[in-house]
Amino acid sequence: MAGHGAPDADIFEAGGLQVAIVAASWHTEVMDGLLAGAERALADFRAAARVVRVPGTFELPVAADALARQGYDAVVALGVVVRGGTPHFEYVCRAATDGLTRVALDHGVAVGFGVLTCDTDQQALDRAGLEGSQEDKGYEATAAALLTARTLQELGAPTP
C-alpha cells in the first residue's frame, strides 16, 4: 500500500468553507465506502457538503467544474476505475486526472482527488475505507481539499 508516509491531518474548524462532493456511481460498494470516509472527514472538520452523483469517473470533471463555477471553496471528487483488458482504463484515468487538474487551476479551487485507479477490485476495496480496508481514500481526499482550501484563503488567492 502507498499510504505509508501520509501526514497527520491538521484538523481545524472548516464550517465556514463551502464544500461539494462529486461522486461516481460505478462500483457501489467501493463508492459507498469512499463517501462514508468523506463524511467522517467532514464530521472531524465540522463541515458540511453538498453531494452530487454522476454516472462514472469520466463525468467527474464536468460536474466538478460546474460546482467550482458556483463558488465552492473545495470540491472533492470520488471515483474508482478498475483495470480491464482494454485501453479504457488509461483513457478514463487520464481524462479524470487532467480534467480535475484543470478545474483546480482554472478556478483556483481546492480539488480533493479521491479517484482510485486500481488493477483489481480487491485493491479498490482495500482503499475504500470499509471495515477491513487498509486505507480510507475518501477521508484523505476530503481532508486534503479542506486543508488546501484553508491554505488558499490564507494566501488570499484570487479566484480566476
Side-chain angles (χ1 to χ4, degrees), residues 1-24 27 30-54 57-81 92-118 123-160:
M1 287 292 143
H4 66 281
D8 290 331
D10 175 21
I11 295 176
F12 66 97
E13 170 66 48
L17 293 175
Q18 291 189 31
V19 183
I21 297 171
V22 58
H27 300 283
V30 173
M31 290 308 305
D32 287 349
L34 291 173
L35 274 170
E39 290 169 356
R40 284 190 294 276
L42 290 167
D44 283 354
F45 285 85
R46 294 174 300 285
R50 175 182 180 187
V51 176
V52 176
R53 296 302 291 258
V54 296
T57 298
F58 184 82
E59 291 79 23
L60 291 173
V62 70
D65 184 78
L67 292 162
R69 288 177 191 275
Q70 292 176 22
Y72 284 90
D73 300 305
V75 178
V76 181
L78 303 174
V80 60
V81 186
V92 173
C93 293
R94 170 76 45 98
T97 302
D98 291 350
L100 292 169
T101 300
R102 273 193 52 200
V103 171
L105 296 174
D106 289 354
H107 298 287
V109 66
V111 174
F113 189 81
V115 178
L116 305 182
T117 56
C118 302
Q123 287 177 346
L125 292 168
D126 287 342
R127 291 164 175 80
L130 298 164
E131 186 174 334
S133 292
Q134 297 175 3
E135 297 180 82
D136 189 346
K137 295 301 184 183
Y139 187 103
E140 291 176 23
T142 304
L146 296 171
L147 290 162
T148 301
R150 179 182 68 177
T151 299
L152 290 172
Q153 285 184 338
E154 290 170 352
L155 292 172
T159 302

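- Y139 and F45 have tilted rings, their planes meeting at an angle from 30° to 60° on a 0 to 90° scale.
- The two residues C93 and T117 come nearest to each other via the heavy atoms SG-CG2, 3.4 Å.
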| said: Let's go through L35 and V51 carefully: what are the C-alpha distance in whole Å and the side-chain angles of both, what is the deciding distance for side chain to side chain contact (heavy atoms under 4.5 Å, CB included) to 0.1 Å, and is it a yes or a no? | reply: CA-CA 9 Å; L35 274 170; V51 176; 4.2 Å; yes
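- By the salt bridge (Lys or Arg N to Asp or Glu O under 4.0 Å) test, R94 is found to be paired with no residue, residues two or more places apart in sequence or in another chain being considered.
- Taking both residues in full, the closest heavy atoms of L152 and A110 are given as CD1-N, 3.8 Å, listed atom of the first, atom of the second, then distance.
- A salt bridge links D65 with R69: the closest approach of a Lys/Arg side-chain nitrogen to an acidic carboxylate oxygen falls below 4.0 angstrom.
- Between R50 and Q70 there is a side-chain heavy-atom pair separated by less than 4.5 Å.
- Inter-residue side-chain proximity for V22 and V76 is flagged as unmet; no heavy-atom pair is nearer than 4.5 Å.
- Remark: R46 pairs with E13 by the salt bridge (Lys or Arg N to Asp or Glu O under 4.0 Å) rule, at least two apart or across chains.
- Within the 4.5 Å cutoff, side-chain heavy atoms of Q153 are placed close to those of L17.
- I21 has its side chain out of reach of V52: every pair of non-hydrogen atoms, C-beta onward, lies at least 4.5 Å apart.
- A side-chain donor-acceptor contact under 3.5 Å links T57 to the backbone of V80.
- Between P61 and L100, some side-chain heavy-atom pair lies under the 4.5 Å cut-off.
- Between the side chain of R53 and the backbone N or O of A24, at least one donor-acceptor pair lies under 3.5 Å.
- At most 12 heavy atoms of other shown residues, nucleotides or ligands fall within 6.0 angstrom of atom CZ in F58.
- Across A14 and L146, no two heavy atoms sit closer than the pair CB-CD2, 4.3 Å.
- Listed here is the closest heavy atom pair of L34 and G114: CD1-O, 4.1 Å.
- L67 contributes atom CG, which lies 10.0 Å from atom NE2 of H107 (distance to the nearest 0.5 angstrom).
- No side-chain heavy atom of V115 sits less than 4.5 Å from a side-chain heavy atom of T97.
- Between K137 and T142 there is no side-chain heavy-atom pair separated by less than 4.5 Å.
- R127 places none of its side-chain heavy atoms less than 4.5 Å from the side chain of S133.
- In terms of heavy atoms, G71 sits closest to Q18 at O-OE1, 4.0 Å.
- With respect to D73 and R150, no salt bridge is recorded, no charged nitrogen being found less than 4.0 Å from a carboxylate O.
- Residue pairs meeting the side-chain hydrogen bond (donor to acceptor under 3.5 Å, both in side chains) criterion with at least one partner in residues 31-42, sequence neighbours excluded, are R40-D136.
- Under the side chain to side chain contact (heavy atoms under 4.5 Å, CB included) rule, V103 has a single partner from L60, V111, V62, which is V111.
- Contact between L78 and A141 at its shortest, heavy atoms only, is CD2-CB, 4.4 Å.
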